[in-house]
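The block underneath contains the structure these notes are about, expressed in structure tokens.
In this text, all values refer to a predicted model and were calculated from it rather than measured experimentally.
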Amino acid sequence: MVLPPYAELLGCSIDWVAGVPELVMPFGDHVMGWPGLLQGGAIAGLLEVAGIAALTHRLSQEGAARIKPVTVTTDYLRTGRDYPTRAVGIILRLGQRVANVEATAWQDDRDRPIATARMNYRILRG
């Protein structure tokens with residue numbers, strides 16, 4: 001799977017968990033806000049990329065499609081610390097031209113997310 005260039009800037013890699021792409025972003029200077037804390041923009045970017053990964057995986061069976069973000073709404077729930085951060089996207093609705101996706105990011109415990117996002121994407125098929 002090819003992720004957007006921003007995923008590379010964040011240092012993201014993909015772990016396949018039960019056939020679903022789960023993104024992993026390591027902590028480092030490139031994603032640090034205050035010393036020892038994860039920057040909010042990096043969290044939002046990770047969630048957006050997780051949504052794109054979920055859509056890319058689902059649409060890969062249909063052939064070529066371009067995915068363009070329309071809206072991204074992020075809710076910050078906890079402070080991100082100096083640990084690797086994981087995120088996964090869940091497709092809520094996939095139509096011919098629009099997709100609605102929810103993504104969740106966590107660090108040490110998936111049941112204690114640090115942020116969630118709801119995103120709408122435009123799908124350009126063919």
Side-chain angles (χ1 to χ4, degrees):
M1 174 184 299
V2 177
L3 294 173
Y6 189 58
E8 184 177 332
L9 181 69
L10 293 173
C12 291
S13 60
I14 298 175
D15 279 352
W16 291 90
V17 179
V20 175
E22 190 174 285
L23 271 69
V24 181
M25 180 178 69
F27 185 82
D29 290 343
H30 65 293
V31 294
M32 185 173 16
W34 289 98
L37 301 178
L38 196 56
Q39 200 268 346
I43 296 169
L46 174 65
L47 290 166
E48 182 179 336
V49 173
I52 291 170
L55 284 171
T56 300
H57 176 61
R58 172 81 65 84
L59 293 171
S60 66
Q61 302 159 4
E62 299 179 19
R66 289 180 32 211
I67 301 165
K68 294 185 164 208
V70 176
T71 61
V72 177
T73 303
T74 304
D75 295 319
Y76 299 96
L77 307 172
R78 289 178 174 58
T79 302
R81 306 267 180 209
D82 57 345
Y83 304 106
T85 306
R86 303 178 86 73
V88 67
I90 299 168
I91 299 169
L92 302 175
R93 180 186 179 279
L94 178 58
Q96 288 299 312
R97 290 176 270 173
V98 175
N100 304 108
V101 180
E102 184 176 80
T104 303
W106 68 94
Q107 290 188 314
D108 54 348
D109 183 359
R110 188 173 182 160
D111 293 329
R112 292 179 41 98
I114 64 168
T116 62
R118 287 160 313 287
M119 298 159 285
N120 298 306
Y121 293 97
R122 174 120 192 264
I123 309 295
L124 303 169
R125 298 174 189 259

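Between Pro113 and Leu77, the closest heavy-atom pair is O-CB, 3.7 Å. Of all heavy-atom pairs between Ile91 and Ala54, the closest is CD1-O, 3.6 Å. The two residues Ala117 and Thr74 come nearest to each other via the heavy atoms CB-OG1, 4.1 Å. Taking all atoms of both residues into account, the shortest heavy-atom contact from Val31 to Pro26 is CG2-O, 3.7 Å. The minimum heavy-atom distance linking Glu48 with Pro69 is given by the pair OE2-CG, 3.2 Å. Contact record, Leu47 with Ala87: CD2-CB, 4.4 Å, taken as the closest heavy-atom pair.
Within a 6.0 Å radius of CD in Gln39, other residues, nucleotides and ligands contribute more than 12 heavy atoms. For Trp34, the CH2 atom is loosely surrounded, since the number of other residues' heavy atoms within 6.0 Å does not exceed 12.
Between Trp16 and Pro21 the shortest side-chain heavy-atom distance falls below 4.5 Å. Looking at heavy atoms from C-beta onward, Val20 lies out of side-chain contact with His57 at the 4.5 angstrom threshold. Counting heavy atoms from C-beta outward, Asn120 and Val72 have side chains that stay 4.5 Å or more apart. With contacts defined as side-chain heavy-atom distances shorter than 4.5 Å, the pair Glu62/Leu59 qualifies. Residues Met25 and Val49 fail the side-chain proximity criterion, which asks for heavy atoms closer than 4.5 Å.
Annotation: the span from Leu10 atom CG to Leu46 atom CG amounts to 7.0 Å, rounded to 0.5 Å. In this structure, CG on Leu23 lies 5.5 Å from CD1 on Ile14, to the nearest 0.5 angstrom. The CD1 atom of Ile114 sits 4.0 Å away from the CD1 atom of Ile43 when rounded to the nearest 0.5 Å. The line from CD1 of Ile67 to CZ of Arg58 is 11.5 Å long, rounded to the nearest 0.5 Å. The CD1 atom of Ile123 sits 10.0 Å away from the CD atom of Gln96 when rounded to the nearest 0.5 Å. One finds the CG atom of Asp82 at 9.5 Å from the CG atom of Leu38 (value rounded to the nearest 0.5 Å).
Counting only distance, with no hydrogens or angles, the side chain of Tyr121 and the backbone of Val98 share no donor-acceptor pair below 3.5 Å.
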Give the table of side-chain donor-acceptor pairs shorter than 3.5 Å for residues 102-111, with sequence neighbours excluded, one pair per line with atom names and distance.
| residue | atom | partner | partner atom | Å |
| --- | --- | --- | --- | --- |
| Gln107 | OE1 | Arg81 | N | 3.0 |
| Gln107 | NE2 | Arg81 | O | 3.0 |
| Gln107 | NE2 | Tyr83 | O | 3.3 |
| Gln107 | NE2 | Thr85 | OG1 | 3.1 |
| Asp109 | OD1 | Asp111 | N | 3.0 |

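The hydrophobic clustering, which links ILVMFWY residues whose side-chain heavy atoms are closer than 4.5 Å, places Ile52 and Val17 apart. Both Met119 and Leu55 sit in one connected hydrophobic cluster of ILVMFWY residues. Membership requires side-chain heavy atoms under 4.5 Å apart, directly or through other members. Cluster annotation: Met1 is connected to Leu9 through the hydrophobic network of ILVMFWY side chains, with a link wherever side-chain heavy atoms come within less than 4.5 Å. Linking ILVMFWY residues whenever their side-chain heavy atoms come closer than 4.5 Å, directly or via other members, places Phe27 and Tyr76 in the same cluster.
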CA sep, side-chain torsions, deciding dist, call: Asp15, Arg86, side chain to side chain contact (heavy atoms under 4.5 Å, CB included): CA-CA 9 Å; Asp15 279 352; Arg86 303 178 86 73; 2.6 Å; yes
For the pair Arg118 and Asn100, evaluate side chain to side chain contact (heavy atoms under 4.5 Å, CB included) and give the outcome as yes or no after the intermediate values. CA-CA 7 Å; Arg118 287 160 313 287; Asn100 304 108; over 6 Å; no
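Residues satisfying the side-chain hydrogen bond (donor to acceptor under 3.5 Å, both in side chains) criterion with Arg66, sequence neighbours excluded, are absent altogether.
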